Amino acid sequence: MGKFDKYFLMGIDDILEYTLEKLPDIGWDKAAMQAKEIGDGNLNYVFRVWDDKGHSVIIKHAGVSLRISEDMKVSTDRNRIESEILQLNDKYAPGMVPKIYFYDTVMSACGMEDLSDYQLMRYAMMEHKTFPKFADDISTFMVNTLLMTSDVVMDHQEKKALVKSFISPELCQITEDLVLMEPYNDINGNNHVFAPNAEFVKKELYEDTALHLEVSKLKFKFMTDAQALMHGDLHTGSIFVRPDSTKVFDPEFATYAPMGYDIGNVVANLIFAYDNGLAAGDTAFSDWCLKAIEETMDLFVEKFNKKFDEVATEPMAKVPGFKQWYLEGILNDTAGYAGTELHRRTVGMANVKDVTTIADEEKRAWVERLNILCGKDYIMNQTKFRTGADFVAAVKRAQEAAK
């Protein structure tokens, strides 16, 4: 029986041996091979393996529990799901995800393209870098991967088979609890609330029953509406960028759910970058963040309308008026889930460094209130957000109200 014929959690030495076994034809300089754990997420162990000849690969290895909480157990099948989804994404949005070289269902690991010449978008934006192609790239990625995996386009039996294949009940429950419930009641005591805003959070999130009703609708829509195969965690920590290119990775939370969940996540995480620029007084960067939100939304709508006409196969989707109704539902969901992402990353278990690294407590408290109020606006007024300018106007309203 070989060393890697039964699952165990691998360390650095294991990874080197494992890489040689799985990718023997690369031509590794065995004496010069090195590995480093570079993971920044809460779920997996990510290793970069390289040698002195310029060969390199990323090995992503699934653990059996969350790195932020050993009590939270998750299926290692997510690595299989992620690998297959990245391959599917590459089919619909070529060149916009890392290449998958292999995935191994025994060790719950995969080998993928090394994107070390890219930078993680969240960290790049914390340095206040801007990316002119981002809105165009991410809108293309979302339109192609979401619309092409929906009932508008796919054979319905094929789509239902994908729903079955790409379901991870444990990861769905994390979203259902940590995103779509706990920020509004702290029922399990997991929330991380910045002390200066404790009373504000209590009033605006915990005690607002009208808000709770709208969030409950969003939660049940997430659980029951298998609209499209979405990434499930499409934030700036799951995107690599260069000035000329964008790569989306880390779709381990992928499942069939409303398209607006992905789109709303992108909007919210650009707002977190805006928060950081605002607190630093970097007007040029903050303006770019708002422009990116506006362009992303407007380009999504433009490309969606065009793509829908080109690829729709379902006869009833071609009935006059259906496309507009369908798109309006997506935009409603986008606003709603942008709101829940703003809330959960501000007061929930997994905060974002864009905000938590703001050293000035008064400014941090201000942008957190901005996030909370903007999120409420999105959730409570979902039908009012139809253009990029609408989404940006809510940020500006919240900024003033949060002072």
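The shown structure was predicted, so the numbers you read here are calculated from the model rather than taken from an experiment. One-based numbering along the sequence shown.
Nearest approach of Asn188 to Glu182, heavy atoms of both residues: ND2-OE2, 2.8 Å. Closest non-hydrogen pair, Phe285 versus Met125, comes out as CZ-O, 3.3 Å.
Counting heavy atoms from C-beta outward, Trp50 and Lys36 have side chains that approach closer than 4.5 Å. Contact check for Met230 versus Leu146: side-chain heavy atoms found under the 4.5 Å cut-off. Taking the side chain as every heavy atom from C-beta outward, Ile239 and Phe249 never approach each other to under 4.5 Å. Residues Trp366 and Leu278 are in side-chain contact: their nearest non-hydrogen atoms beyond the backbone lie under 4.5 Å apart. Counting heavy atoms from C-beta on, the side chains of Lys376 and Glu204 come closer than 4.5 Å. In this structure, the side chains of Ile58 and Ile38 come closer than 4.5 Å at one or more pairs of heavy atoms. Annotation: side chain of Phe194 is not in contact with side chain of Val347 (no heavy-atom distance under 4.5 Å).
Here the rule is side chain to side chain contact (heavy atoms under 4.5 Å, CB included) with Phe253, and of Val179, Ile174, Ile81 only Ile174 fits it.
Taking the six-membered ring where the residue is Trp, the centroids of Phe222 and Tyr261 are separated by under 6.0 Å. With ring centers used as reference points, Tyr184 lies under 6.0 Å from His343.
Checking side-chain atoms of Asn381 against main-chain N and O of Lys384 turns up no donor-acceptor pair under 3.5 Å. Checking side-chain atoms of Lys307 against main-chain N and O of Ala312 turns up no donor-acceptor pair under 3.5 Å. Side chain of Tyr337 to backbone of Leu218: a donor-acceptor contact under 3.5 angstrom is found.
For NZ of Lys291, the number of neighbouring non-hydrogen atoms (other residues, nucleotides, ligands) closer than 6.0 Å is 12 at most.
For the 3.5 Å distance criterion, the side chains of Arg344 and Asn191 fail to qualify, holding no donor opposite an acceptor. Neither side chain, Asp233 nor His231, offers a donor N or O lying under 3.5 Å from an acceptor on the other.
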